[in-house]
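Order of the sequence lines fixes the chain letters, A, B, ..., with proteins taken first and strands second; residue numbering starts at 1 for each chain.
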Amino acid sequence: MKHYKRILVTAALPYANGPVHIGHLAGCYLPADIYVRYQRAQKRDIKFVGGSDEHGVPITIRAMKEGVSPQQIVDKYHAIIKDSFEKMGISFDIYSRTSNAVHHHTSADFFKKLYDAGLFEEKETEQYYDEQAKVFLADRYITGTCPVCGNPNAYGDQCEKCGSALSPEQLISPRSTLSDAVPVKRKTKHWYFPLQNYEEWLKQWVLEDHKEWKNNVYGQCKSWLDSGLQSRAMTRDSSWGVKVPLPDAEGKVLYVWFDAPIGYISATKELTDKWEDYWCKEDTKLVHFIGKDNIVFHCIIFPSMLRAHGNFVLPDNVPANEFLNIEGDKVSTSRNWAVWVHEYVKDFPGCEDVLRYVLCANAPETKDNDFTWKDFQDRNNSELVAIFGNFINRALVLMHKLCGGKVPVFHNDIIDSTDQQLIADIKQAVEKVTRNLEEYRFREALFEVIELSRKGNRYMQEKEPWIKAKKIAEGGEAAERAQKEIDNCLHLSLQLTANLAILINPFLPGTAKKILHMLKVVEKMLDWENAGSLKLLSVGYSLRAPELLFRKIEDSEIAAQIEKLKANAVDKATVAAPPAEDKADTLVLKPEIVYDDFAKLDLRVGTIDAASKVEKADKLLKLEIDLGFEKRTIVSGIALHFKPEEIVGKQVVVVANLAPRKMRGIESNGMILMAEDKAGKLHFVKPEDAIAPGAGVS
RNA sequence: GGCGAGGUAGCUCAGUUGGUUAGAGCGCAGGAUUCAUAACCCUGAGGUGAUGGGUUCAAUUCCCAUCCUCGCUACCA
């Protein structure tokens, strides 16, 4: 095990085009915060950095839709997100943002260094261009009708209604979201980062040197590395982002995924002049907390960038969590199926720790997990209120009733095996919690804390000080003995309470503070080195009156939340089947052409002689078409609409002079014309009566 | 289609480098108790470990196939 002198923890930069929901918290911010708070209690040199990711196309689109500038969008959400984190006690040392100057300089310098070292490939490709707005269009800027589900507002990279991954070419009647113009192709130059050059090194570094990474992380990296890496464009045509620091790069910015992780470096720079200690010294332990959607960027791309740059340390671990579902359905921002953090803190003021508890106790550490409001209520009422809170409350109440409000003496002469067992349990719990926290098993660690308070309840049940109190009235030797036993029970219970404050602190910092207040001790007591000690509270010290740590959560509150969730959600059915009248959008005509444009097409009638599914392709059929004068193979993406056997013998119209194109290794010579109905179903375009194959169409 | 992660008690989830009766919490049933937010504590019922094969003295754990869920990814000229 390597020895580290300092730790740098990062949490994924949330994208500033919306607020954060509880899935974000459970996925990375909460585990990161728990880890950081624990390490701080260990008095280790640790920094916790984060910030808003404010570049990229979706933000510009949102800005356009709302008629404001991108900066206004990110200002708005940056503030909301930052506030949500503060309220939930996510204790960043700095929460920065990628739109500020430090970050622009840092990421531009980073790019320039790789450029100067000749580590990029320059490539010219054809991209869609909006001649009216005079800008290149990223896939997201192009909308049109989804060829799969008929949604008229599908994006060029994805249809958000049916989830199909698309490319702009597939859209029916594509148009620019900027000007509504029909996009045209134009050449543009970009800088590509050749990830394949780092493949061998990555295989060693990830697959051999980091076998201890979590299963889900390791497996996904292996999947990527086994399938081979390719160059990725690290620049984009856009006006919003970090300008590419080269003379011939007007209108080009860094790809948001190039600049976002560099945001960790920028934020550290802002935080401290000693930022290089955390980024450039080998004895720094760098840990990235992320959700599973970010694994490839943090385990493959960013490390390759850091390696190429050469001056930076690489992550020691990337403990990515899986996803948190809500009430059985996966979180969807477009359907508004989510529990938003800024709304939670309003609806449940003072219950921030309860959410922290539930999200940690049921964190998706090994697989996707489900959040339900019922579970939220159950865990609060039966674990926080009935076990943890109850133990501390009864210890303090009894102490006030039976020991005059002061920490009683511990009488060593009557210590018994029950006492000794409790003492052993405390020490063992400290060990377990510590080990689990070090190894990123936060759920297990938290369970051990609650388990310890459960043992406290058991201990008290066995000692029954309230029964012994009855003997005191009798007077004499029996009374004296009873008081000593009561003293011992409550002395240990109070020391346990103090220990619970230390152990619960990383998870529920607000709760730990409340306990400190009741015990009238200073925050210093929470130092981790004090965990396991039985001398945290001095004998004779008077304590405050107990207050309840948690309140019960009523059925009505839960019902209201479920109601709210369902009322605000966009109906699934609405999403899946867009209203038919929206198809009117397809009425927008393409630009006018002249006869010669049309005459270039050679359209022929053909007969399908044979059809078969293309291996390893969901959507492709391989068709043998008889054109009379010759037979051809045409590959067509219609497998989802037709079974091969039901289309053999049918006549179709073929674009016969289309350039050949290979798909899945099969050369396709031409294309079949199809018409799409309102339901998105495809129909062949064919002559009314069967005619000889090869007949021209004009 | 390929790859990855999962499929374990009514529910939410652990665990097993293969080894005697597979765990926890909640829920449920019964008991005990009254210091405590009708809380705590004890006892109990509940699982053909997705399905079907194989390796082994022994598999829930290893191998193969199949089915299901989630994620990444390919194909629509």
Side-chain angles (χ1 to χ4, degrees), chain A residues 147-148 164-167 169-170 214-227 291-293 295-296 320 322-323 325 330 358 361-372 374-379 381-387 389-402 441 443-444 447 450-451 453-454 456-469 486 489-490 493 546-552 613-621 634-641 655 658-666 668-674 682:
Chain A
V148 181
S164 305
L166 304 172
S167 68
E169 290 88 342
Q170 297 169 244
K214 289 173 60 172
N215 273 348
N216 55 338
V217 176
Y218 187 90
Q220 207 175 117
C221 290
K222 190 170 184 326
S223 169
W224 271 77
L225 291 170
D226 286 350
S227 59
K292 70 172 166 183
D293 50 331
I295 289 172
V296 61
E322 301 279 300
F323 286 154
N325 296 328
K330 56 181 165 178
V358 174
N362 192 27
E365 286 181 6
T366 56
K367 64 174 184 186
D368 290 358
N369 278 355
D370 198 29
F371 173 92
T372 63
K374 183 76 175 74
D375 182 60
F376 170 85
Q377 180 192 24
D378 283 347
R379 285 189 184 274
N381 291 355
S382 59
E383 291 169 28
L384 289 180
V385 174
I387 307 287
N390 183 229
F391 169 72
I392 291 173
N393 186 50
R394 65 200 294 210
L396 281 155
V397 167
L398 278 171
M399 180 273 299
H400 279 283
K401 280 188 184 168
L402 307 179
R441 288 192 301 264
R443 184 168 53 191
E444 178 72 11
F447 175 80
I450 299 303
E451 186 60 23
S453 62
R454 188 172 263 124
N457 278 319
R458 225 169 268 162
Y459 171 76
M460 217 171 248
Q461 197 64 33
E462 188 149 338
K463 290 284 183 174
E464 296 181 312
W466 52 91
I467 302 282
K468 287 168 183 157
I486 290 169
C489 170
L490 289 172
S493 294
E547 315 161 17
L548 297 179
L549 291 172
F550 307 98
R551 69 172 181 85
K552 280 199 138 195
K613 258 203 113 225
V614 175
E615 286 279 303
K616 302 177 182 180
D618 288 350
K619 301 176 188 170
L620 298 183
L621 288 187
I634 293 180
V635 179
S636 184
I638 58 173
L640 296 178
H641 296 83
V655 182
L658 193 67
R661 156 105 183 199
K662 260 196 174 181
M663 277 178 279
R664 295 269 95 192
I666 302 165
S668 176
N669 297 286
M671 127 178 213
I672 312 285
L673 295 189
M674 307 293 298
L682 297 181

Rounded to whole Å, the CH2-P distance (W224(A) to A74(B)) equals 8 Å
Euclidean distance for C1', U43(B) against A5(B) (whole angstrom): 39 Å
Open item on the list: Between C64(B) and C26(B), how far apart are the two P atoms, rounded to whole Å?
Closed with: 40 Å
- Message: What's S636(A) touching, base or sugar-phosphate or nothing? Going by heavy atoms closer than 4.0 Å.
- Response: sugar-phosphate
Look at K292(A) and G4(B) and indicate whether a side-chain polar atom (N or O) is within less than 4.0 Å of OP1 or OP2. no
Nearest heavy-atom approach of R443(A) to A361(A) is CD-O, 2.9 Å
To the nearest angstrom, the CZ-C1' distance between R454(A) and C41(B) comes to 11 Å
Review point. So D368(A) and K330(A), salt bridge (Lys or Arg N to Asp or Glu O under 4.0 Å) or not? Walk me through it.
Key: CA-CA 9 Å; D368(A) 290 358; K330(A) 56 181 165 178; over 6 Å; no
When both distances are under 3.5 Å in a Watson-Crick or G-U wobble arrangement, the nucleotide paired with A38(B) is none
Rounded to whole Å, CD1 of I387(A) lies from P of A24(B) at a distance of 14 Å
If pairing means Watson-Crick or G-U wobble with both distances under 3.5 Å, then the partner of G6(B) is C68(B)
Side-chain atoms of E322(A) come closest, of G71(B), A5(B), C40(B), to A5(B)
When both distances are under 3.5 Å in a Watson-Crick or G-U wobble arrangement, the nucleotide paired with C76(B) is none
Closest to the side chain of N216(A), out of A77(B), A5(B), C40(B), is A5(B)
Atom CH2 of W466(A) and atom C1' of U33(B) are separated, to the nearest Å, by 8 Å
Smallest heavy-atom separation, C221(A) atom then I295(A) atom, equals SG-CG2, 4.1 Å
Among C76(B), U33(B), C26(B), the one nearest any side-chain atom of D378(A) is C26(B)
N390(A) CG to C40(B) C1', in whole Å, measures 6 Å
Of the listed C13(B), G25(B), A77(B), the closest approach to the K367(A) side chain comes from C13(B)
Winner on side-chain proximity to N457(A), out of U37(B), C41(B), A77(B), is C41(B)
When both distances are under 3.5 Å in a Watson-Crick or G-U wobble arrangement, the nucleotide paired with G25(B) is C11(B)
Of all heavy-atom pairs linking D370(A) and N362(A), the shortest is O-ND2, 2.7 Å
Looking only at C35(B), G4(B), U12(B), the nucleotide nearest the L398(A) side chain is C35(B)
Item to check | P atoms of C62(B) and G71(B), separation to the nearest Å | outcome: 25 Å
Testing U34(B), C41(B), C35(B) for proximity to the side chain of I467(A), the answer is U34(B)
### Task
Using only heavy-atom distances, determine whether the side chains of N457(A) and R394(A) contain a donor-acceptor pair under 3.5 Å.
yes
Closest to the side chain of E444(A), out of C13(B), G4(B), A14(B), is A14(B)
message: Once you apply a heavy-atom cut-off of 4.0 Å, does N369(A) come out as touching a base, just sugar-phosphate, or nothing?
response: sugar-phosphate
Rounded to whole Å, the CD1-P distance (I392(A) to A39(B)) equals 19 Å
Examine distances only and state if a side-chain atom of K401(A) and a backbone atom of W466(A) form a donor-acceptor pair shorter than 3.5 Å.
no
Testing U12(B), U37(B), A14(B) for proximity to the side chain of R443(A), the answer is A14(B)
RNA chain B nearest-nucleotide lookup for K374(A) and R441(A): closer to the 5′ end is R441(A)
chi for G46(B) classified (syn = within 90 degrees of 0, anti otherwise) as syn
From CD1 of I672(A) across to C1' of A77(B) the rounded distance in Å is 11 Å
Between CG of D370(A) and C1' of G10(B) the distance, given in whole Å, is 15 Å
Closest to the side chain of V385(A), out of U37(B), U12(B), C13(B), is U37(B)
Re C62(B): Watson-Crick or G-U wobble partner, both distances kept under 3.5 Å, found to be G54(B)
Main chain of N325(A), side chain of N369(A): is a donor-acceptor contact present, judged purely on distance under 3.5 Å? no
